[in-house]
Amino acid sequence: GLNFSDSGIMLDAAARGFGVCLGSINLASERLAKGELVLLGDRGMASAKPFMLAAHPRNLRHPVVTELWDWLVAEADRSEP
């Protein structure tokens, strides 16, 4: 898969349909408001720096996207104290 060191470029790639990404809700808020990205679920993951999972809406039709989301949620649940 693709790997980005710049969060803005990563969000741009997801908005263009290159896949899903974990990113800051603050950085993605404008794209979310425009419908360029959508959240894959209704919960975030706690961390020292907040992040989220986002994808281009057409990618939500792919089972692998929902499988990834389910795995991330399960991992977050396991990591809670």
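Throughout, residue positions are numbered sequentially from 1 according to the sequence presented. Being a predicted model, the structure only gives us computed values, none of them experimental.
Dense packing is recorded around CZ of F4, with more than 12 heavy atoms of other residues, nucleotides or ligands lying under 6.0 Å away.
Closest approach of P57 to G35, counting heavy atoms only: CG-O, 3.8 Å. Closest approach of R16 to R58, counting heavy atoms only: O-NH2, 3.4 Å. Listed here is the closest heavy atom pair of G23 and M10: CA-CE, 3.8 Å. Here the shortest heavy-atom pairing between L37 and L32 reads O-CD2, 3.4 Å.
Taken from CD in E36 to CD in E30, the straight-line distance is 7.5 Å, to the nearest 0.5 Å. From L27, atom CG reaches atom CG of D12 across 12.5 Å, with rounding to the nearest 0.5 Å.
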